[in-house]
Amino acid sequence: MEKIEFGNLDGRIINAYKQFTDRSEFVPVGYEDGVIRFWAVNDNGIKKADFMALSLGLKPKVKIKAKKDLLMAMENIYDMLEEETAQNEEEKEDITDEENIIGASYTDAPIVKLVNQTIVKAVQQNASDIHFEGLRDNFVIRLRVDGALFDYKKYAKRIQEAVISRIKVMANLDVAETRRPQDGAIRVNVGTKSIDIRVSIVPSITGEKAALRILDTSNELLGLSDIGMDKEDIELFLSKLKYPNGIILVTGPTGSGKTTTLYAALKAVATRDKHIITIEDPIEYRIDGITQVQVNPKLDLTFANALKYFLRQDPDIVLVGEIRDSETAKTAIAASLTGHLVLSTVHTNDAATTLARLIDMGIEPFLLASSLLLVIGQRLVRKVCDNCKTRVQTPAQIREILRQYGEDVEFYEQGIGCEACKNSGFSGRVGIFELLDIKEEIKRMIIKKADAKAIRETAVKNGMKTMLTDGMQKVRNGITTPEEVLLATRL
């Protein structure tokens with residue numbers, strides 16, 4: 001895409017552009033000597049550009065561009081639109097257009113603008129979640145970036161109801177219902193990105209709270225090396241993915257990247273000679289050539305029921321978003337024993353604990369031992385910012401804790417904070433893993449219902465690298481810090 005000089009666009013031009021409710025067909029990209037340069041995608045965009053220029057007493061110069069180029073230009077223009085408003089926001093101590101917003105209903109422009117700009121800013125900062133929550137005296141918006149939650153903006157308490165109502169309208173929820181939790185979804189385009197948003201609204205003593213989970217469906221699928229697996233782990237994982245039947249599980253808490261790992265696995269094995277079906281809640285990535293189904297409890301389309309239907313579709317590989325209950329667990333095991341490779345997730349603390357969890361769900365130990373191929377435990381840790389990393393000595397207290405786990409590191413890389421990482425010292429996240437290979441000795445222990453500690457010790461003795469060990473290797477490689485690894489693995 002050709003370089004665009006946006007600096008020549010003054011406030012008068014920006015304000016005129018803001019008057020158009022639909023700006024998706026044209027965008028101003030430069031101004032010089034009484035001529036405004038525009039990009040447009042069609043004749044309608046050209047007409048809008050001509051009208052805008054003439055209304056300002058200027059001459060238009062319009063070039064037809066592809067929709068993709070226009071959206072990329074609009075992302076840059078949006079920053080200018082927001083800066084225009086941000087100057088007033090800072091002067092009002094983070095209370096944006098307070099007088100206008102307080103007197104507005106959720107259908108009025110200020111509230112719409114507030115919610116839209118918050119979503120766009122969250123996407124631009126690669127936030128995974130947005131929290132709209134009322135405190136006793138004010139209303140706060142918080143963003144979760146790289147796993148850490150921080151205050152983004154504070155507003156007057158009186159706009160809380162209007163903002164929550166606007167979110168309900170966007171998610172097709174009941175605006176009048178304020179006493180019960182509600183779940184919904186929003187789909188928006190932010191520049192070149194297609195964004196799905198899961199919406200959860202719950203009542204509290206300080207008013208309704210909204211939590212929005214952001215899913216960027218336009219993101220390119222990551223490979224196994226991209227998510228942080230080392231060469232040895234990738235080789236083991238890929239060897240298990242070649243089995244014609246069996247079950248592979250990925251385990252960890254919510255937000256630990258389990259689904260991303262499963263999709264990286266699908267990316268590695270998805271070929272035209274494989275029939276792959278997924279059942280998910282929600283569908284986080286869309287992949288051509290794979291049949292993807294969304295859970296719908298209202299229609300009784302649960303993980304367990306969908307899995308039963310899948311087996312009639314002649315699949316080679318089945319991905320079940322999550323094993324939540326006994327019925328889903330038993331159906332998944334049955335599918336893995338009848339000629340299908342099943343991939344799924346379980347919420348447990350580590351790989352060894354998963355075995356006891358499945359037995360508690362009612363799975364017979366001998367069935368589990370004969371069907372289970374691999375269990376992957378994982379966490380996400382923040383990556384040190386490459387722009388401001390510096391070598392520091394490990395504090396004595398941290399080294400003492402590490403020695404208790406048989407690890408030690410004298411120096412490591414730490415981010416000191418810069419503009420690129422917003423002074424956090426971190427930028428992005430990476431996975432740390434432990435792969436429990438279900439070998440013959442582990443199978444015998446499963447049949448005997450050995451406890452998780454004994455299974456873990458046996459696996460480590462046989463060569464399993466724990467999440468802590470994997471994390472400390474990433475510390476030595478300058479990827480993360482010992483504090484991050486300890487926070488993620490000390491349970």
Side-chain angles (χ1 to χ4, degrees), residues 222-225 227-253 256-270 274 276 278 315-323 328-329 332-359 361 363 365-379 431-447 450 452 454-467 469-470:
L222 299 176
L224 292 174
S225 59
I227 64 176
M229 275 194 184
D230 63 23
K231 184 178 179 180
E232 184 181 344
D233 286 344
I234 291 174
E235 288 177 355
L236 174 59
F237 197 3
L238 291 177
S239 70
K240 299 297 182 180
L241 288 168
K242 292 177 182 177
Y243 277 58
N245 61 282
I247 185 165
I248 297 173
L249 298 174
V250 181
T251 182
S256 59
K258 300 186 296 297
T259 302
T260 302
T261 299
L262 288 180
Y263 272 106
L266 289 185
K267 181 179 180 179
V269 299
K274 298 283 186 183
I276 302 174
T278 75
D316 296 298
I317 300 174
V318 178
L319 187 153
V320 182
E322 183 184 345
I323 293 179
T328 307
I333 294 294
S336 70
L337 291 169
T338 54
H340 307 90
L341 182 63
V342 179
L343 311 180
S344 191
T345 70
V346 184
H347 281 215
T348 55
N349 289 335
D350 56 33
T353 308
T354 304
L355 308 177
R357 171 74 173 139
L358 290 171
I359 291 173
M361 283 184 177
I363 303 299
F366 73 92
L367 292 178
L368 184 60
S370 58
S371 62
L372 199 56
L373 300 173
L374 181 70
V375 183
I376 302 172
Q378 73 175 73
R379 295 288 188 279
I432 56 175
F433 304 90
E434 61 182 23
L435 275 66
L436 175 56
D437 188 359
I438 310 300
K439 297 179 179 178
E440 288 303 319
E441 187 174 2
I442 299 295
K443 289 182 179 182
R444 289 194 293 269
M445 295 182 75
I446 293 173
I447 293 172
I455 291 175
R456 182 182 182 85
E457 289 173 351
T458 300
V460 170
K461 184 181 68 176
N462 291 339
M464 184 184 83
K465 179 175 56 182
T466 67
M467 284 185 280
T469 302
D470 188 40

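Since the structure is predicted, the reported quantities are computational estimates derived from the model, not experimental observations.
- Taken to the nearest 0.5 Å, the CD1 atom of I447 stands 12.0 Å off from the CD1 atom of I442.
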Given the rule in the side-chain hydrogen bond (donor to acceptor under 3.5 Å, both in side chains) test, do T458 and E441 qualify, once you have shown the distances and angles that lead to the verdict? CA-CA 8 Å; T458 300; E441 187 174 2; 4.6 Å; no
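- Looking at T348 and V375, their side chains never come closer than 4.5 Å, going by heavy atoms from C-beta outward.
- Pairing each heavy atom of H340 with each of A335, the nearest pair is ND1-O, 3.1 Å.
- Remark: H347 NE2 to T353 OG1 distance equals 14.0 Å, nearest 0.5 Å.
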Using the side-chain contact (heavy atoms from CB on, under 4.5 Å) rule, take T354 and L436 through it: C-alpha gap first, then chi angles, then the decisive distance, then the call. CA-CA 10 Å; T354 304; L436 175 56; over 6 Å; no
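- Interatomic distance, OH of Y243 versus CD1 of I248, reported as 9.5 Å (0.5 Å rounding).
- In plain terms, the two heavy atoms of G321 and S344 that are nearest each other are C-OG, 4.3 Å.
- Here the CG atom belonging to L374 is positioned 6.5 Å from the CG atom belonging to D437, to the nearest 0.5 angstrom.
- The shortest side-chain heavy-atom distance between I376 and M229 falls under the 4.5 Å cut-off.
- The OG1 atom of T345 sits 7.5 Å away from the CD1 atom of I323 when rounded to the nearest 0.5 Å.
- Shortest non-hydrogen contact noted between D350 and R456 is OD2-NH1, 3.5 Å.
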What do the steps show when you test L372 against L355 for side-chain contact (heavy atoms from CB on, under 4.5 Å), and what is the final call? CA-CA 9 Å; L372 199 56; L355 308 177; 3.2 Å; yes
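- Checked by atom type and distance alone, the side chain of K274 never pairs as donor or acceptor with a backbone atom of I317 at under 3.5 Å.
- The shortest heavy-atom contact between E434 and T466 is OE1-CA, 3.5 Å.
- Of all the heavy atoms in S336 and V342, the pair that sits closest is N-CG2, 3.9 Å.
- With hydrogens and angles disregarded, no donor-acceptor distance shorter than 3.5 Å links the side chain of Q378 to the backbone of G252.
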One pair to check against side-chain contact (heavy atoms from CB on, under 4.5 Å): T278 and L266. What are the steps and the verdict? CA-CA 10 Å; T278 75; L266 289 185; 4.1 Å; yes
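- Residues T338 and A334 share a closest heavy-atom pair of OG1-O, 3.0 Å.
- Atom OG of residue S371 and atom CD1 of residue I247 lie 6.0 Å apart, to the nearest 0.5 angstrom.
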Passes side-chain contact (heavy atoms from CB on, under 4.5 Å), N349 versus R379? Steps please. CA-CA 9 Å; N349 289 335; R379 295 288 188 279; 4.2 Å; yes
